[in-house]
Amino acid sequence: MAIVLDRRITPRGEVVLRREGAALQVIANGVFLMSTAGGGASERLLVRAALRGLRAPMHVLIGGLGAGFSLVEAVRHPAVRRVTVVEVEKAIIDWHRTYFRQVTAAAIDDPRVKVVHADLVDWLDDAAGTVDAVCLDADNGPDWTVVPRNAQLYGDAGLRTLSSVITPDGALSVWSAAAAEEFEQRLRRHFGVVEIHTVVVQRGEPDHVYVARRSHGNCM
Ligand SMILES: C[S@@+](CC[C@H](N)C(=O)[O-])C[C@H]1O[C@@H](n2cnc3c(N)ncnc32)[C@H](O)[C@@H]1O
């Protein structure tokens with residue numbers, strides 16, 4: 001039986017925070033968005049896989065704070081000098097100062113971390129060449145976005161913008177609750193090298209993590 005802890009109306013609709021047993025859950029406009037149950041194995045992998053092989057010191061951008069598992073993973077990495085988290089919902093940021101402290105307290109208070117209340121789609125416009133790893137966890141996947149506007153992040157224009165934000169040897173990782181084959185091909189066209197990681201989850205189809213890096217000379 002889930003208990004509603006808070007409910008906010010935002011410009012994008014309604015976000016609800018619930019507790020079910022020990023797990024915190026967030027529902028946006030009736031769609032299940034995230035839960036602390038399971039410990040965030042694929043969200044942690046999203047960061048670890050992107051950082052693998054990058055040179056220090058690093059600036060990591062996390063698109064979507066969510067339950068905070070990606071942020072926790074980023075601050076664990078000793079070569080990370082700076083973490084910027086862009087989160088569109090003020091309610092989610094507030095809940096990390098209260099209910100989600102069980103997950104992110106140490107990470108949120110880390111001096112390398114800055115949480116920005118903004119829409120990632122807009123924030124990226126002023127970020128050219130500043131980030132070594134972009135970890136995109138703003139949606140349930142490229143084919144299942146939280147709001148229609150986020151779809152542009154995964155199209156050709158969005159990938160061009162994301163590519164412009166990432167330093168030449170940097171990486172882009174993208175979280176998805178399902179395989180996204182067309183997106184994978186697009187990613188390959190823009191970056192050259194794409195790794196796909198899967199993580200088994202209870203609900204059925206595995207979580208997918210796409211990691212893209214530029215092959216030598218590849219730039220669209
Ligand atoms: C789907 S949740 C992350 C789910 C995560 N994979 C999990 O299972 O815990 C997405 C997060 O990104 C945020 N978000 C969605 N669109 C965004 C945008 N355009 N800019 C910044 N944050 C965004 C949401 O408010 C939410 O906190």
Side-chain angles (χ1 to χ4, degrees), residues 12 28-29 31-34 38 40-54 60-67 69-71 73-74 84-88 118-125 127-128 131-201 203-220:
R12 286 154 301 283
N29 295 320
V31 176
F32 194 89
L33 201 58
M34 65 211 193
S42 55
E43 288 81 4
R44 290 172 189 268
L45 178 64
L46 178 81
V47 173
R48 255 195 339 274
L51 297 190
R52 204 167 288 148
L54 294 192
V60 180
L61 168 66
I62 297 175
L65 176 56
F69 293 116
S70 312
L71 169 61
E73 188 66 33
T84 304
V85 184
V86 179
E87 170 55 53
V88 74
D119 189 322
L120 184 68
V121 174
D122 302 323
W123 189 91
L124 289 171
D125 288 340
V131 179
D132 300 298
V134 174
C135 304
L136 192 53
D137 187 13
D139 294 291
N140 289 326
D143 300 328
W144 184 7
T145 58
V146 171
V147 288
R149 186 168 194 248
N150 281 1
Q152 61 188 277
L153 291 166
Y154 307 96
D156 284 316
L159 289 181
R160 266 194 299 276
T161 303
L162 284 161
S163 179
S164 76
V165 165
I166 298 168
T167 52
D169 295 323
L172 166 67
S173 62
V174 178
W175 193 92
S176 181
E181 275 124 25
E182 269 183 42
F183 172 70
E184 178 198 330
Q185 287 166 22
R186 197 174 308 124
L187 202 52
R188 223 175 273 286
R189 286 203 302 278
H190 280 263
F191 284 84
V193 178
V194 176
E195 297 160 21
I196 304 160
H197 303 262
T198 55
V199 176
V200 174
V201 288
R203 68 164 191 278
E205 184 157 12
D207 289 346
H208 282 58
V209 170
Y210 294 90
V211 184
R213 300 176 204 281
R214 293 184 186 92
S215 55
H216 186 63
N218 191 293
C219 190
M220 264 183 82

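Here, residue 1 is the first one in the sequence, and each next residue gets the next number. Quick caveat, the model's predicted, so the values are computed rather than measured.
- A distance of 8.0 Å separates CD in Glu205 from OG in Ser176, rounded to the nearest 0.5 Å.
- Annotation: salt bridge (Lys or Arg N to Asp or Glu O under 4.0 Å) contacts of Glu195 (sequence neighbours excluded): Arg213.
- Looking at Asn140 and Phe32, their side chains never come closer than 4.5 Å, going by heavy atoms from C-beta outward.
- In this structure, Val165 and Val134 have side chains that are in contact, with non-hydrogen atoms separated by less than 4.5 Å.
- Put simply, the side chain of Arg214 never gets that close to the backbone of Gly192: no donor and acceptor are under 3.5 Å apart.
- Across all non-hydrogen atoms, the minimal contact from Ile166 to Ala171 is CG2-N, 3.6 Å.
- Considering only heavy atoms from C-beta on, Ser173 comes within 4.5 Å of Cys135 through its side chain.
- In plain terms, the two heavy atoms of Ala74 and Ile62 that are nearest each other are CB-CD1, 4.1 Å.
- Here Asp156 contributes atom CG and His190 contributes atom NE2; the two are 3.5 Å apart, rounded to the nearest 0.5 Å.
- Here CG of Leu159 is found 9.0 Å from CZ of Arg189. Values are rounded to the nearest 0.5 Å.
- Atom CG of Leu54 and atom CG of Asp169 lie 8.0 Å apart (nearest 0.5 Å).
- Taking 4.5 Å as the limit, every side-chain heavy atom of Val209 sits out of range of all side-chain heavy atoms of Ile196.
- Counting all heavy atoms, side chain and backbone alike, Ala138 lies closest to Asn150 at O-ND2, 3.9 Å.
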Q: Show your working on salt bridge (Lys or Arg N to Asp or Glu O under 4.0 Å) between Asp119 and Arg149 and close with a plain yes or no.
A: CA-CA 10 Å; Asp119 189 322; Arg149 186 168 194 248; 3.0 Å; yes

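- Summarising the geometry, atom CG belonging to Leu124 is positioned 5.5 Å from atom CG belonging to Leu162; distances are rounded to the nearest 0.5 Å.
- Taking 4.5 Å as the limit, some side-chain heavy atom of Tyr154 sits within range of a side-chain heavy atom of Asp139.
- Across Gly40 and Phe69, no two heavy atoms sit closer than the pair CA-CD1, 3.5 Å.
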Q: Begin with the C-alpha distance, continue with both residues' side-chain angles, and end with the deciding distance and a verdict on side chain to side chain contact (heavy atoms under 4.5 Å, CB included) for Leu120 and Leu61.
A: CA-CA 10 Å; Leu120 184 68; Leu61 168 66; 4.2 Å; yes

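- With hydrogens and angles ignored, the 3.5 Å screen pairs no side-chain donor or acceptor of Arg12 with any backbone N or O of Val146.
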**Q.** side chain to side chain contact (heavy atoms under 4.5 Å, CB included) evaluation trace for Val211 with Val194
**A.** CA-CA 6 Å; Val211 184; Val194 176; over 6 Å; no

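- Residues Phe183 and Val174 form a side-chain contact, since some pair of their non-hydrogen atoms from C-beta on lies under 4.5 Å apart.
- Listed for the Thr145 side chain is no donor-acceptor partner under 3.5 Å among the backbone atoms of Gly141.
- In this structure, NE2 in His208 is found 4.5 Å from OH in Tyr210, a value given to the nearest 0.5 Å.
- In this structure, the side chain of Ser163 does not engage the main chain of Arg160 through any donor-acceptor pair within 3.5 Å.
- In terms of heavy atoms, Arg186 sits closest to Gly155 at CD-C, 3.8 Å.
- Side-chain atoms of Val60 and Leu51, non-hydrogen and from C-beta on, do get closer than 4.5 Å to each other.
- The side-chain heavy atoms of Leu136 and Trp175, taken from C-beta on, include no pair separated by under 4.5 Å.
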Q) Under the side chain to side chain contact (heavy atoms under 4.5 Å, CB included) criterion, do Thr198 and Asp207 qualify, and how do the steps go? A) CA-CA 6 Å; Thr198 55; Asp207 289 346; over 6 Å; no

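- Residues Val199 and Ala41 come closest through the heavy atom pair CG1-CB, 4.1 Å.
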Q: Could you go through the side chain to side chain contact (heavy atoms under 4.5 Å, CB included) check for Glu43 and Glu73 one step at a time?
A: CA-CA 8 Å; Glu43 288 81 4; Glu73 188 66 33; over 6 Å; no

